[in-house]
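Presented below is the structure to which this report refers.
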Amino acid sequence: MTTEPLEKAYDPRAAEARWYPFWMERGYFHAPTDSDKPPYVIMIPLPNVTGTLHMGHALMVTIQDILIRHRRMKGFNALWMPGTDHAGIATQVVVERELAKEGIKRHELGREQFLERVWAWKEKNGNRILEQLKGLGASLDWPRLRFTMDEVCSRAVLEAFVRLHEEGLLYRGHRLINWCPRCLTALSNEEVEHEDHQGEMWSFAYPLDGGGEIVVATTRPETMLGDTAVAVHPDDERYRDVVGRTITHPFTGHKFEVIADSYVDREFGTGAVKITPAHDFNDFEMALRHDLPKINILTEDARINENGAQFAGQDRIAARAAVKKAIEDKGLYRGRQDHAMAIGVCQRCGTVVEPYLSWQWFVKCRPLAEVAQQAVRAGRTRILPELWKKTWDHWMDNIQDWCISRQLWWGHQIPAWHCQNCREVTVARSAPGACPKCQSTSLRQDEDVLDTWFSSAMWPFSTLRWPDQSTDLRAFYPGAVLETGFDILFFWVARMMMMGLHFMRDVPFADVYLHPMVRDAQGRKMSKSLGNAIDPIDVIEGISRDELIAKTRTYPVPQHKLPQVIDWLKKEYAEGIPASGADGLRFTLAIHAAQVTDVKLSIPRVAGYRAFLNKIWNAARFALMRIGDDVVLPLADVRAQLSVAERWILSRLDHAVEETDRALLEYRFDDAANAIYRFFWSEFCDWYVELCKPTLLADGDSPAKAAVRATLVHVLDTSLRLLHPICPFATEEIWQKLPSLGRYREQGIDSIMIAPYPQADPTLRDAAAEKEIARLIEVVTAVRSLRAEYNVPAGKKIGACVQADDGFAREAMLGFSDEIRKLADLSQLVVERRGETPRESAVGHLEWCDVVVPLAGAIDLDAEQARLRKEIEKTGKELEKLQRKLRNEDFLAKAPPDVVDKDRGRLAELGTIKAKLADTLQRLGG
RNA sequence: GGCCCCGUAACUCAGAGGUAGAGUGGUAGCAUUACAAGCUACGUGCCGUGGGUUCAAAUCCCACCGGGGCUACCA
């Protein structure tokens, strides 16, 4: 009577293909709105429709799916909300590039037709990344899938805009913003990245009207065309006389003054600053204070405009050189210095951004931010790991108004209408029939669209049909946790907090958990241009070395670096990447996901963890082959028949259950993965499976055998459920074959993913059994060590003797003599009091016993003597250290008594061991 | 410039006052009734450096060195 044996090795491909559709068909990912279970909600960080999966996504999905599956099994109505965002700039750029191939420009097509093209592109390509998430096992509630530009979300976005405007928290202003001259749109501060750059500080003199000059310095000489003042510190003696004097611009001829402002740093440069209000944020502020004119000198694409005199029409790079040359020609050049500076570039395209004066829409963030900050301070939302709290506070303390308008076509068009007659701007939920001010019907909708992050900020409630007070909204707001990378703490998390608190009067999530950034084994950011980006799909499915190299060649690696990158790939991936399956990748990521800022992921190590899944597979294979088809009793029915070994493994299992569950509740994914790994491999496979074999493999039936069969199934069933959130596919594949399946089916449970998560059970704890088996393991290991050390050929039968003074210990070892003989490969085992060590024997001294292996003729006297001397020396050193400690009056007086007692006990043990070692050495004639 | 994080075995990392750990790799041996994606055994640590606090420091404090990140207006 045997069950059909499992295949020899675990095949992730088959399991993944089988179970994802199974779960989907049964609707197990779906969280019903009308459930009476408590809700547990995670909103997925919206991938861009243009995006493809990278390791960061893989980590994100792994963590969130672990959380969701764990809570679902624990009885929550777990909703993992899927969606994508429309990624304004990125998507528009992609489609424009596609059009360029056909030789079409966006403006030739017109707004409406262009948007049709973008929608078409989105329908065709926008779900690729979602399909990839399925490959990782993500248990997202697919029927609820939303898109930031769909009707439901768009309605919420417009409503939010109008309400914020009504409340005076959103306004239109003529202000300086960051402008990308290539994307031709405004950017928020967060969309500007700062790159270190070696620039120069270039000095020149402005001649003062009526004689004299004042020397200023700049890193951007071309901006002098827009200068409308020179500022000095009011208390600066050097410039006391020039304040109020006028300057005639050497090129444009306009006149401006030397002003005094305490913002100026007297120590820096000459102590005099040129002021360009239209092209510098600080200068803009100063212009407001002093009511200075703001002269814009740039066109949208960063050319000098008509205000730039003879330089008009030149682009900014050429203009810089030309301005410098012209200044030199006038004899006004006053020197240069190297100057390290950070330069702002567009996050999307890398182009140097310009501060640019224009009409834009802004959200007044300060009042919103204060509420959000207060919520965090009050613990209504926790930011985890805690180290990010400071970063959060720093940003919130310094928050500035948020520029939300973008000069793009792809996005939510701003619900504001400009009167062509009186220029009145009307914000409304739908197009007004006439201008409320002048009744003109000549209205034009604002052409700009909203920042993608504006719509993302509404995500936790826009997806639930806000502003309708829908049942979804009541059921699923607020969420449990927002899990994402720390790089979008401000882009997204902070803004959801602000909007959630404002519109819903409640935080959008109880916890913010920020996961580490995935880097390569050297700690470098994984990026295609570095050539070190590994596609998660290649880890799951495997890829040969040559294919990997070919793929990397298609990445934008700079030509001169390519040979180096290829060499590295050849070395690092000499054998290519073996197929580790989704579970192998997930387990690896989980075990790396400590509460830190970086995960250094060495891809070849993933293969090491796929071995763990195979180990589980094979342990199950063994059990299923040997359990046979007869009915297996539930554990409860065999509790009275459990031997020490069963009681031990069940006690250890309970530790693992408790540890794993707690770790998952505390976002300690590494601890959870480790606890399962250790238990399953080092305890269950290494010891229990071996210990149970004699009983299990014996002929016939017996209560003992029934107990073993029940225990094996119970341990497998429990550990699979324990591991399921981390490795969903393999656990389902195996769990479906266990004899316990029938009992679950009776309760309507036909999948591990809806089975209950294991709970710690104090009645399974058994300290006595743990101690006994720990001793057994020590003895077996000691014998094995001695055998190996003396090169006893494997298979050669020898005897051994355990000498212990403790009667209980002796009794226990006697009881285990069959097990010890088998595991240590001994012909016989003697258990006796500690006494004389026979000659020609190797001895292992444990704290509670000596393990003696007689090795007549086999023993190398010199080697054994040397080994013993080394041991004695080591023990002696430790002994001395302890003695010194215990002689220290302060220690005895101040240390807690239990610490002192512990050290005293240890001193005695070490003393015994050392004496035994010395005795043995003496007997060997040393 | 300010702030934050990290320096522990060859590698990747846990440990956060009380005997320095795991996994991987390495070395040697092994076809032992599930597993060679396996089994058994074995090693190395001035816990970055220098001070301090403490009976006791890898752990707490200070400074420094090295690596990384965030942030900022030094024109």
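So you know, we letter chains A, B, ... as the sequences are listed, proteins then strands, and number each from 1. In this text the structure is predicted, and so the values were computed from the model without any measurement. Scope of the values below: all heavy atoms of this structure, side chains included, with no hydrogens, waters or symmetry mates.
Relative orientation of the A:His592 and A:Tyr609 rings is perpendicular, given thresholds of 30° and 60° on the angle between their planes. Ring geometry, A:Phe680 versus A:Phe684: the interplanar angle falls from 30° to 60°, so the pair is classed tilted. Taking the six-membered ring for Trp and thresholds of 30 and 60 degrees, A:Phe490 and A:Trp395 have nearly parallel ring planes, at less than 30 degrees apart.
Between A:Ser785 and B:C42 there is a side-chain polar atom (N or O) within less than 4.0 angstrom of OP1 or OP2. Dashed line: the shortest gap from a side-chain N or O of A:Arg904 to OP1 or OP2 of B:U19 is not under 4.0 Å.
At a threshold of 4.0 Å, the pair A:Arg906-A:Glu847 counts as salt-bridged, since one of the basic side-chain nitrogens sits closer than that to a carboxylate oxygen. Taking 4.0 Å as the cut-off between side-chain N and carboxylate O, A:Arg821 and A:Asp818 count as a salt-bridged pair.
Taking the side chain of A:His394 as heavy atoms from C-beta on, and the options B:C55, B:U71, B:A75, the nearest nucleotide is B:U71. Between B:A37, B:A75, B:A14, one nucleotide has an atom nearer to the side chain of A:Arg668 than all others, and that is B:A14. Relative to the side chain of A:Met201, the nucleotides B:C70, B:G18, B:A75 differ in distance, and B:A75 lies closest.
Of all heavy-atom pairs spanning A:Lys294 and A:Pro277, the tightest one is CG-CB, 3.7 Å.
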| said: Once pairs are restricted to Watson-Crick or G-U wobble with both distances under 3.5 Å, how does RNA chain B read as a dot-bracket string, [ ] for crossings and | for other-strand pairs? | reply: ((((((((.[[[[.)..(..]]]].(((((.......))))).....[[[[[..)....]]]]])))))))....
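Nucleotide B:U71 holds its P atom 15 Å from the CH2 atom of A:Trp392, rounded to whole Å. Rounded to a whole Å, the CG atom of A:Leu514 is 14 Å from the C1' atom of B:C5. A:Asn189 places its CG atom 11 Å from the P atom of B:U71, with the value rounded to the nearest Å. The CG atom of A:Asp670 sits 17 Å away from the P atom of B:U12 (whole-angstrom rounding). Distance A:Phe268 CZ to B:G1 P: 13 Å, rounded to the nearest Å. Taking atom CH2 of A:Trp395 as the reference point, atom C1' of B:G69 lies 18 Å away to the nearest angstrom. Computed from coordinates, the A:Glu878 CD to B:G18 C1' distance equals 14 Å when rounded to whole Å. Taking atom NE2 of A:His194 as the reference point, atom C1' of B:A72 lies 8 Å away to the nearest angstrom.
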| note | Scoring nucleotides 23-36 of chain B by protein non-hydrogen atoms under 4.0 Å (B base, S sugar-phosphate only, - none) yields BS--------BBBS
| request: Decide side chain to side chain contact (heavy atoms under 4.5 Å, CB included) for A:Thr218 and A:Phe204; before the verdict, give the C-alpha distance in whole Å, the side-chain angles of both, and the deciding distance to 0.1 Å. | output: CA-CA 9 Å; A:Thr218 179; A:Phe204 66 96; 4.1 Å; yes
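Heavy atoms of A:Arg784 sit under 4.0 angstrom from primed sugar atoms or phosphate atoms, though from no base atom.
Along RNA chain B, the nucleotide nearest to A:Arg678 and the one nearest to A:Leu892 differ in position, and the one closer to the 5' end is contacted by A:Arg678. When each of A:Ala9 and A:Tyr263 is assigned the nucleotide of RNA chain B bearing its nearest heavy atom, the one mapping closer to the 5' terminus is A:Ala9.
Nucleotides B:G43 and B:U49, compared at atom P, are 25 Å apart to the nearest Å. A gap of 15 Å separates the C1' atoms of B:A41 and B:U32, to the nearest Å. Comparing the C1' positions of B:U24 and B:A56 gives a spacing of 34 Å, expressed to the nearest Å. Straight-line distance between the C1' atoms of B:U54 and B:C62: roughly 16 Å, to the nearest whole Å. Comparing the P positions of B:G15 and B:C6 gives a spacing of 10 Å, expressed to the nearest Å.
Judged by the 6.0 Å distance and 45° axis criteria, A:Lys274 is not positioned over the aromatic ring of A:Phe256.
With hydrogens and angles disregarded, no donor-acceptor distance shorter than 3.5 Å links the side chain of A:Arg266 to the backbone of A:Gly271.
A donor-acceptor contact under 3.5 angstrom links the side-chain atoms of A:Arg906 to the base of B:U19.
No side-chain N or O of A:Glu878 forms a donor-acceptor pair with one of A:Thr875 less than 3.5 Å apart. Side chains of A:Asn674 and A:Glu659: no donor on one and acceptor on the other come within 3.5 Å.
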